[in-house]
Number of protein chains: 2
Amino acid sequence: MEKENELFGVKEIARRANVSTATVDRVLHNRTGVSEKTKARINAIIKEMDYQPNILASRLASKKIINLAALIPEVSEETDFWSAPLSGIRRAEAEMRQYGVQVQIFLFDLNDKDSFAGQIRHVFEGGFQGILISPSFIEETKKFAAECGRRKIPYVFIDSDIPDLHSLSYIGPHLRKSGYVGAKLLTYRLEAEKKVLIINISKEIDNYNYLEIEDGFRAYFNDNKQPNEIVRIDIRETDYQSVARHLTYVFHLNRDIGAAFVTNSRVHTVASFLKNSHRTHVSLIGYDFVKENVDYLENNVIDFLICHRPDDQGYRGMMALYQKLVVNAPVIKQNYMPIDIVTKENYEFYQN
Amino acid sequence: MEKENELFGVKEIARRANVSTATVDRVLHNRTGVSEKTKARINAIIKEMDYQPNILASRLASKKIINLAALIPEVSEETDFWSAPLSGIRRAEAEMRQYGVQVQIFLFDLNDKDSFAGQIRHVFEGGFQGILISPSFIEETKKFAAECGRRKIPYVFIDSDIPDLHSLSYIGPHLRKSGYVGAKLLTYRLEAEKKVLIINISKEIDNYNYLEIEDGFRAYFNDNKQPNEIVRIDIRETDYQSVARHLTYVFHLNRDIGAAFVTNSRVHTVASFLKNSHRTHVSLIGYDFVKENVDYLENNVIDFLICHRPDDQGYRGMMALYQKLVVNAPVIKQNYMPIDIVTKENYEFYQN
DNA sequence: ACAATTTACGGGCACGTGCCCGTAAAGGTA
DNA sequence: TACCTTTACGGGCACGTGCCCGTAAATTGT
């Protein structure tokens, strides 16, 4: 310690400017009650010192509690995908709690637009200072964004993005590139004369995610002049019976399908069908590290899973709000997650 | 706020035990000067309250600075691999600085055992309370571990492990499984009659990492009854000319090599050779997300890179020490990193 | 018995920042 | 000039914990 009796932080600023710490404080939080002259003088000193406030002391002194909300789909019987972001959110909460940040979680039904809208209303009633949201329904999300703009509440999108809204940040995959990677893996050892099947299983019709992914998938075929014919099918019911019925029909019409690509986490339903109908020679790729999928990965029915670290997404999403509201640091607007490739051989080390 | 005028933390414990906060403090830090009776009484209350100290206040009040050391290889001309862990360490340092933790970094020459031993001596002279170390040389590391045991200094291994030493934690890949994954990717579209070449380019002879990786690689061939013949070669010089010379010879002897697996980040040297000798039809897989490798990935010379998030390793390694020394929380002993698969299509989103 | 030593504990300041409250000075009105 | 309002600023306590210092009580020695 060479520097011995120096003052630190606010006190030192106050000493240099010949004012009290209270006045410095007023400037730092740009409150009223300081003349322009002294304000300028203090600001100059702050700049010169490159003053960084001590967050410990700051959070300790202010009893102000920051309230954040997270609005994500509930874990359904169909998929427990959202349990991962939820755990990431909880992890972030545990870390932030000692800094006086509280997180409240709101869940909605992915198959019910109204529950989404309803929970948004609840969130606004709660008077939160920052919101993490999965923008599952486009129109409702636009209204949500507009209201946040009016109230000056920062919000972060997670898992899928709606561009051109002024979200503080987007944390999630680059969907198009993700489809592109899927195509690469699917065709890596595919014979030229085989057909490729794209399967979309979803109740939602105007699915932005799905369109982006398929677009990327097809782009790979174009870029690399893949000769394979692409067949596609939309399945609006998510239960096994319906899926099996549709797939039976498609495989009947197209006897030379060599590979199938499922655009979401319901790939396990397709895997189940392939196994039951003794078609495990068909290469199969889909999304997300959920238990059912990993089981079929283990059994060699699914070849690859593409994942985007949903747990990390939840964590980073909350941390982005924390950075903005507590640390007051700049936040990266586009935060694309890695496109992870999970196989039978490496899944045991995968970290969501 | 339902709970209004309650006291928190140490004060509340003191009130309930009819002692002063100083006495509670003595118990919390098990210092001397408290009778067994009151000590027991206070401990009971602490347990009952499930008291969690406020780290903010704790770190703020204690001017004690915690000093951590990191001992890793320096970035050499051959490879800038270690710049990634270094950046992770720096990231951790930035986060910990405000909690009164300082990090000092010691670098050694990977090709010089003595520089490793010398830096270890420097570290011990520095009187650090925790050490992160890349155990690149086995014997020296064993002595290091013994000395740490004597001095009761916790240490964390990073990137490669030496089992049976009592490290606080190991942060790095499961090397054997990592080789296993390499074999899977390499054979995924390999014809049965082609040979597979394992290449080890390293000056170090007793390389534990390399043995583990090759063992895992071969295990995949056994487990899956892969018919391909495996050829292996050790190259002790790391410059391009030497590598090219050896490889020319091997490819001359074995005309039907269909795939090559390089056990470390020097895969770009092999890629260069394959490109120059017009052998880009050979599938090539190697390790680590370093610039040269990514360039060859981009040019389709390298098919896959296997990576273990070196940046994250540095970060987590330091954080393990932080958890132990500052938060006094339990630390996971084995912390295997994911085995990431990087391709031309997904590398732009890869996060070290 | 008394002094000398050790043990057990309390008082209270410090860490850096937030913010309430009090007040002197400046400006405004008659 | 006397009185009131507004502006500009300082004093000082609080946040929860660490730890120094002082002292009454218990223990030991003679």
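Throughout, a chain's letter reflects where its sequence line sits, starting with A, and its residues are numbered from 1. Any value given below was found using the heavy atoms of this structure, including those in side chains, with hydrogens, waters and symmetry copies removed.
Atom NZ of A:K143 is surrounded by 12 or fewer heavy atoms from other residues, nucleotides or ligands within 6.0 Å.
Remark: the backbone N or O of A:L107 is paired with a side-chain donor or acceptor of A:Q119 at under 3.5 angstrom.
Nucleotides of DNA chain D lying under 4.0 Å from heavy atoms of chain A occupy a range whose first and last members, 5' to 3', are D:dA8 to D:dG16.
A heavy-atom distance below 4.0 Å to DNA chain D is reached by these residues of residues 18-33 of chain A, ordered by number: A:N18, A:V19, A:S20, A:T21, A:A22, A:T23, A:R26, A:G33.
In this structure, the side chain to side chain contact (heavy atoms under 4.5 Å, CB included) partners of B:E140, at least two apart in sequence or on a different chain, are B:K113, B:F116, B:A117, B:F137. Qualifying side chain to side chain contact (heavy atoms under 4.5 Å, CB included) partners for B:A145, counting only residues two or more places apart in sequence or in other chains: B:Y155, B:L165.
Note on ring orientation: taking the six-membered ring where Trp is involved, the planes of B:F289 and B:Y350 are tilted (angle from 30° to 60°). Relative ring orientation between A:F128 and A:F106 is described as perpendicular, the plane-to-plane angle rising above 60° on a 0-90° scale split at 30° and 60°. The aromatic rings of A:F349 and B:Y336 sit perpendicular, their planes meeting at an angle over 60°, well past the 30° parallel limit.
Identified under the side chain to side chain donor-acceptor pair (under 3.5 Å) test for residues 30-40 of chain B, with sequence neighbours left out: B:D25-B:R31, B:S35-B:T38.
A:E12 and A:Y51 share no side-chain donor-acceptor pair at under 3.5 Å.
Between the CG atom in B:L321 and the CG atom in B:L168 there is a gap of 6.0 Å [rounded to 0.5 Å].
The C1' atoms of five pairs define one axis at each end of the helix from C:dA1-D:dT30 to C:dA30-D:dT1, and these two axes lie 50° apart (to 10°).
Along DNA chain C, the nucleotide closest to A:N54 and the one closest to B:V34 are compared, and the more 5′ of them pairs with B:V34.
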